[in-house]
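Comments concern the structure below.
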4 protein chains.
Amino acid sequence: MNERVHTGRRRNEEARRAVLDAALRLLADADGAPVGVDAIAREAGVGKQTLYRWWPSKGAVLLDALTGRAEQDVPARDSGSLREDLRAVVAATFAGAQAEPVGPALRTLVRESARDPHLAELMREFTGARRSALREVLARGRERGELAADCDLDLMVDQVYGVFWYRFLLGHAPLGEEEAVRLADSLVRQGG
Amino acid sequence: MNERVHTGRRRNEEARRAVLDAALRLLADADGAPVGVDAIAREAGVGKQTLYRWWPSKGAVLLDALTGRAEQDVPARDSGSLREDLRAVVAATFAGAQAEPVGPALRTLVRESARDPHLAELMREFTGARRSALREVLARGRERGELAADCDLDLMVDQVYGVFWYRFLLGHAPLGEEEAVRLADSLVRQGG
Amino acid sequence: MNERVHTGRRRNEEARRAVLDAALRLLADADGAPVGVDAIAREAGVGKQTLYRWWPSKGAVLLDALTGRAEQDVPARDSGSLREDLRAVVAATFAGAQAEPVGPALRTLVRESARDPHLAELMREFTGARRSALREVLARGRERGELAADCDLDLMVDQVYGVFWYRFLLGHAPLGEEEAVRLADSLVRQGG
Amino acid sequence: MNERVHTGRRRNEEARRAVLDAALRLLADADGAPVGVDAIAREAGVGKQTLYRWWPSKGAVLLDALTGRAEQDVPARDSGSLREDLRAVVAATFAGAQAEPVGPALRTLVRESARDPHLAELMREFTGARRSALREVLARGRERGELAADCDLDLMVDQVYGVFWYRFLLGHAPLGEEEAVRLADSLVRQGG
DNA sequence: ATTTAATCGAGACGGTACGTCATGTCTTCGG
DNA sequence: CCGAAGACATGACGTACCGTCTCGATTAAAT
């Protein structure tokens, strides 16, 4: 606990970091169990008011903790081949959710969002962004003729993220490299 | 509230029904918002202890309320054609979740299961049963040669339920007859 | 902490006692410093909700703790002599406020009542009762001719309690037997 | 809010006045209810630090607001007659506490001092000064033989201020000219 | 004339207490 | 023994206030 210094009347960036770090740590350690505001504040060495001053709800803190640190490193590069791109995106998505501390934190976050309407809304935005990124990849493939002109891109996107979340939250089946490839390929085949 | 009569020292079936009815009603009215134990007990005109005597947790009551009433009417008939069977199952799944009061109740139930480990376990069983029923349909199709011998049935199952839950919970896209057909057909095509 | 047992759907008398005991103990130990609700609850081994269920405010608990235990043992006997009775009442008042744990607790209570309008009202009733008891004594003396017919009994009462509270709270002068006698005698002389 | 001008590195007298004015206004408006530091600062259009730079605590501000404005106009003249002087002092004390805005402000101040040890100490000094002024009057009377040589002056002083504070804070009886005269006379008679 | 230093308004900060809420356990009492 | 009622311990929630601290601007005194 290295004695944070005050920054006067402007927001203390160190406090912000301390909060997000603490939140991410607790989120990861909890692995699904609820994370309390008091706990975050105590862990960060911060007054509760500081949380409520800068984030509209507990959920906002948690989401910020996850997105602000775990870079949205899903690439969405354009390799010229739909199969290639799709494999990359799906594999990155699967892998990102397995890594520490993102995985457990993400699980906790989703759990929390079930109770916290504010967080649910934030999550909706978050996932919406991911969805359109993936849709972009598919749209490029369709333009190149790798997919049928009449295929339902939205349904394909939802098949990817549907499988992902379903398995991620229930944990009844793996989310490895192999499954990513299989899923990507089956989508390409299905839409061809 | 029609003045239930005591049944002495044997379990009062009417009380059980009153609880499940009340739970389902609240579950549906809440449409996602949390449903408390006190609320169920009051709505049912029942003591809280009666709940905990017969159900191990709040979640169990909620799940019982849903499954005990909303018949698991997903058919899983065997028509001889995979495409036919799959369309039927998917469409029934989609339609079942739209109907009142099942839809809103189911949404609430899932939300609750995020916080309640006990309910989560019950939900796991519940969805597990659905999954194996669907897998059965697909396995029959594969035996008939309608799917490639090496295709990943588990992945196909999860594509169906993944899309279903993903759209059902986020509500960003429809879950109608048309989407059901499209999804079923694309899976048959992909696995052929 | 001897494992209190629940008493079912009726108020738990043991819990009530535990709360009042704890409150009195803390009140006395604090000697003027504020006593928190959490502290009382923790000390009593009781949930905070139990406090708010039975007492309308923190102040009500504190006052109850003082009056419910420390018997209002100011005698107000009738000895036939005003001087005698007055000396007794004043001395008892002074002595009562010195004794442990009443003294420190009373000081804390008054302090709290400055912030808590509800408690202030309760204190008003409490002191009002004391005032009328003393007024009774003086009225009897006046009927016996020990006081002038036109003397202001209310003013005399307030001289007693005024001096008492003033010295009790500021602590700038003693409140012993000697002062009690002197005050009583001077009042008799003044009203004669 | 007439745009105060900076005075550079010397204390800004206007700011001081603004604080005291604001404090007195809030103190009077509150009539017993707590007055917060933030409220004073906002009302005065002043930073909180400016308060803590010049006053050691909130209480000091409040007391200063009261004493710095409401002149200590209790006369303590020497008319040659104890009865006369005493009547004057007591009546002035009573009247001073009734006037706006001193009365309500004083009430709030005492309430605050119950929670604020620093303010309590300041109040002790404040009342101590009043006490010795009154004691002076009585001592002069005793030297002139208007009081018995062995009478307890401190007790007499406390009877005056005791009655005053008791009635002022509880408000159960009036503090008018008539009561002042009666109290003063009874003390002279009692000590004669 | 330039530097130094103390003022000012503003408001974020860590901390403590508050009163409300929901959960699951427990006990009474009537049927 | 069942069922209704509801008190109980626990612990999270979001709000309010306190006194401290730092900012960036401003202006008087020191150099």
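Worth saying up front: this structure is predicted, and the values here are computed from it rather than measured. Below, chains carry the letters A, B, ... as their sequence lines are ordered, and counting in each starts from 1.
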Donor-acceptor pair under 3.5 Å: do we get one between D:K48's side chain and the base of E:dG9? no

Select base, sugar-phosphate, or nothing to describe what D:W55 touches, counting heavy atoms under 4.0 Å on all strands. nothing

Which of the following nucleotides, E:dC8, F:dC8, F:dG3, is nearest to the side chain of B:R53? F:dG3

Mind calculating the distance between CG (B:L119) and P (E:dT23) to the nearest angstrom? 13 Å

To the nearest Å, give me how far apart CZ (D:R10) and P (E:dA6) are. 14 Å

Between the side-chain atoms of D:Q49 and the base atoms of E:dC8, is any donor-acceptor pair under 3.5 Å? no

Do the side chains of D:L63 and D:M123 get nearer than 4.5 Å, heavy atoms only? yes

Please classify the nucleic acid contact of B:V19 as base, sugar-phosphate, or nothing, using heavy-atom distances under 4.0 Å. nothing

For D:D116 and A:G36, find the nucleotide of DNA chain F closest to each by heavy atoms; which residue's nucleotide sits nearer the 5' end? A:G36

Minimum side-chain heavy-atom gap B:L62-B:T108 below 4.5 Å: no

Quick note, D:R9 side chain, CB onward, closest among F:dT27, F:dA4, E:dC8 is F:dT27

Straight-line distance of A:E14 CD to A:H6 NE2, nearest 0.5 Å: 11.0 Å

Counting heavy atoms from C-beta on, name the nucleotide in E:dC13, E:dG9, F:dG3 closest to the side chain of A:W54. E:dC13

Can you confirm whether A:V46 sits close enough to A:R4 that some side-chain heavy atom of one is under 4.5 Å from a side-chain heavy atom of the other? yes

Distance, rounded to the nearest Å, where D:N12 contributes CG and E:dG9 contributes P: 7 Å

Quick one: C:L51 CG to F:dA7 P, roughly how many Å, whole number? 14 Å

Using atom CG of A:D38 as one end and atom P of E:dT16 as the other, report the distance to the nearest whole Å. 12 Å

From F:dG3, E:dT23, E:dC8, pick the nucleotide closest to the side chain of D:H6? E:dC8

So do D:L169 and D:R111 actually touch side chain to side chain, heavy atoms under 4.5 Å? yes

Taken to the nearest whole Å, CD/B:E112 to C1'/E:dT23 is 11 Å

When you match C:S57 and B:V37 each to their closest nucleotide on DNA chain E, which lands nearer the 5' end? C:S57

Between C1' of E:dC21 and OH of C:Y52, the distance in whole Å: 13 Å

Please state whether the phosphate of E:dG14, meaning OP1 or OP2, lies under 4.0 angstrom from any side-chain nitrogen or oxygen of A:T50. yes

Whole angstroms only, please: what is the CZ-C1' distance between C:R42 and E:dC18? 14 Å

Would you say the base of E:dG14 and the side-chain of A:R4 have a donor-acceptor pair closer than 3.5 Å? no

Are C:R11 and C:W55 in a cation-pi setup, meaning NZ or CZ lies under 6.0 angstrom from the ring centre and within 45 degrees of the ring axis? yes

Which part of the nucleic acid does A:K58 contact within heavy-atom distance under 4.0 Å: base, sugar-phosphate only, or nothing? sugar-phosphate

Quick one: is E:dT7 close enough that its OP1 or OP2 comes under 4.0 Å of any side-chain N or O from D:T7? no

